[in-house]
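These notes concern the structure reproduced below.
Predicted, not measured: the structure shown is a model, and the values here were computed from it. In listed order, ligands and their atoms are each counted from 1.
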Amino acid sequence: EKGTYEHFMLKEIDEQPLVMRKILEAYENEDNRLALAPEVLSATTGCDRIYIIACGTSYHAGLVGKQLMEKLAGVPVEVHVASEFSYNTPLLSNKPLFIFISQSGETADSRSVLVKIKEMGYPALTLTNVPGSTLSREADYTLHLHAGPEIAVASTKAYTAQIAVLAILAETTAKAKGALNDFDLVQELAITANAMEVLTSQKEALEELAHAFFETTGNAFFIGRSADYFVCLEGALKLKEISYIQAEGFAGGELKHGTIALIEDGTPVVALDTQAAVHGAIRGNVQEVAARGANVLTLSMQGLEQDDDSFVLPHVHELLTPLVSVVPMQLLAYYAALHRGCDVDKPRNLAKSVTVE
Ligand code: F6R
């Protein structure tokens, strides 16, 4: 099944442009407009707040989903780590809608929240790559991710599929509310798929960067602001789970509140700059860490790039940048793990589907 690939992870990274196109095909109607079942849209337009519940990478996709849902559809969203929700249940709004995001649809931590909120009588929508899975069967509605089987333990194409489906949910919700009529998500996602393809064709450059930055290091930092912060959390998780490099993703603004103490000569810092509104601020952070000796790998979006940036991402809509900025993060993690001789597809201590709490 791996074909010519040495690892499923690399194959699955490469499949991402195709997955974007499959998602568009699956959610487009005859008029080439994005469409969802009316009952799903009544749930999103009829609720007063959405609670997204997920774990790990799926939680990181949820953070991006919150921004999409709030900015495009104007629906307030909270995102919760499933295992925390059970004992730190927030005060709920009057008409909550719960959205469970789970590649496998079998994650026990998420399921335990689903059981609890169903007992409370609240509606649930599951986004999963496995229709018919437990989380799909026990929820009221399901949206399929259409990513195809994900075999590598480290999730890649499911993350981007989750974000794309969340974008579709946000766009169709907005349009059902009579808003956002000049936004063409079909076109924006098509542009994004092309951008992902450009990135997957630049593996050699990313392999060299992975070699230069992560070959011998024991730790690494990922900094970004706004949507870039969420992708930094995911970039750090990818790196740590497969290369065993201790990695931390955090908001650029938090540097001076503690983490900058850890920066010394040669510390690798991956900086992400795709958001025009925080461009100046993140560049300020880059200078702060560089001045303390950090080895900075800057990934910037076309239009925001500067002369000595390590890598420039093709331009896509500002709300969809996580779909492209995560690709070099995935590839950096992959090559870092490969060079360090790690078992890329089956990292130690981890299971593909976590069915115990
Ligand atoms: C990381 C990873 C995990 C999963 C998490 C949730 O690469 O794969 O963090 O995202 O265990 O799994 P699902 O999405 O199946 O609920």
Side-chain angles (χ1 to χ4, degrees), residues 7-13 15-16 19 51-65 79-86 98-115 124-139 142-166 222 230-249 322 326-327 329-334 336-337 342-357:
H7 296 103
F8 280 108
M9 184 178 176
L10 194 60
K11 173 171 179 271
E12 290 163 5
I13 290 172
E15 282 169 353
Q16 292 177 108
V19 171
Y51 295 82
I52 292 180
I53 310 290
C55 309
T57 289
S58 298
Y59 169 75
H60 295 156
L63 296 171
V64 178
V79 193
H80 293 271
V81 167
S83 59
E84 284 292 307
F85 188 91
S86 306
F98 282 82
I99 299 183
F100 292 83
I101 306 177
S102 177
Q103 188 283 130
S104 63
E106 301 297 343
T107 301
D109 289 321
S110 300
R111 178 168 186 250
S112 109
V113 178
L114 176 56
V115 169
L125 161 67
T126 291
L127 267 62
T128 183
N129 205 24
V130 187
S133 58
T134 307
L135 285 165
S136 159
R137 280 185 279 108
E138 295 180 357
T142 296
L143 292 178
H144 186 193
L145 297 175
H146 295 282
E150 192 180 63
I151 310 292
V153 163
S155 183
T156 54
K157 62 178 179 171
Y159 170 83
T160 44
Q162 286 162 349
I163 292 174
V165 173
L166 286 161
F222 290 72
F230 308 140
V231 179
C232 284
L233 295 175
E234 175 58 10
L237 177 60
K238 282 296 86 98
L239 187 69
K240 63 185 147 189
E241 71 179 321
I242 61 169
S243 76
Y244 315 138
I245 296 169
Q246 183 172 14
E248 192 184 340
V326 78
V327 178
M329 299 279 194
Q330 296 165 342
L331 285 165
L332 287 171
Y334 174 79
C342 303
D343 189 348
V344 172
D345 281 341
K346 284 193 168 41
R348 67 189 183 203
N349 309 341
L350 291 173
K352 181 64 186 161
S353 151
V354 186
T355 53
V356 288
E357 273 181 66

Of the protein's non-hydrogen atoms, which lies at the shortest distance from [atom], and what is that distance?
atom                    : value
atom 14 (O) of ligand 1 : S58 OG, 2.5 Å
atom 3 (C) of ligand 1  : T57 N, 4.0 Å
atom 11 (O) of ligand 1 : V354 CG2, 4.0 Å
atom 15 (O) of ligand 1 : S104 OG, 2.7 Å

Of the backbone atoms (N, CA, C, O) and the side-chain heavy atoms from C-beta on, which set of [X] has a member under 4.0 Å from an atom of ligand 1: side chain, backbone, both, or neither?
X    : result
E106 : neither
T107 : side chain
E241 : side chain

Pick from G56, C55, A54, A351: the one approaching atom 6 (C) of ligand 1 most closely through a non-hydrogen atom |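 Nearest heavy atom to atom 6 (C) of ligand 1 lies in C55.
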Q162 N/O to ligand 1 N/O under 3.5 Å |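 There is no such contact.
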Judging by distance only, is a nitrogen or oxygen of S110 under 3.5 angstrom from one on ligand 1?
->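 No; every N/O pair is 3.5 Å or more apart.
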Decide ring-ring contact (aromatic ring centres under 6.0 Å, His included) for H7 and Y334; before the verdict, give the C-alpha distance in whole Å, the side-chain angles of both, and the deciding distance to 0.1 Å.
-> CA-CA 10 Å; H7 296 103; Y334 174 79; 5.6 Å; yes
Option passing side-chain hydrogen bond (donor to acceptor under 3.5 Å, both in side chains) with Q330 (candidates E234, Q16, E12, K238) |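 Among E234, Q16, E12, K238, the one meeting side-chain hydrogen bond (donor to acceptor under 3.5 Å, both in side chains) with Q330 is Q16.
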Using a strict 4.0 Å cut-off to heavy atoms of S155, name the atoms of ligand 1 that fall inside it.
->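 Under 4.0 Å from S155, ligand 1 has these atoms: 7 (O), 8 (O).
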Is the number of heavy atoms from other residues, nucleotides or ligands under 6.0 Å of E84 CD greater than 12?
->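 Counting other residues, nucleotides and ligands, CD of E84 exceeds 12 neighbours.
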How would you list, by chain and number, every residue that makes a side chain to side chain contact (heavy atoms under 4.5 Å, CB included) with S110, sequence neighbours excluded?
->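 Result, side chain to side chain contact (heavy atoms under 4.5 Å, CB included) vs S110: C55, A82, F100, T107, L135.
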Judged by non-hydrogen atoms, does T156 sit under 4.0 Å from ligand 1?
->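 No, T156 has no heavy atom closer than 4.0 Å to ligand 1.
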Run the contact test for A154 against ligand 1 with a 4.0 Å cut-off on heavy atoms, strictly below, and give the result.
->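 It does, in that a heavy atom of A154 comes within the 4.0 Å cut-off of ligand 1.
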Tell me, with the steps shown, if R111 and E106 meet salt bridge (Lys or Arg N to Asp or Glu O under 4.0 Å).
-> CA-CA 7 Å; R111 178 168 186 250; E106 301 297 343; over 6 Å; no
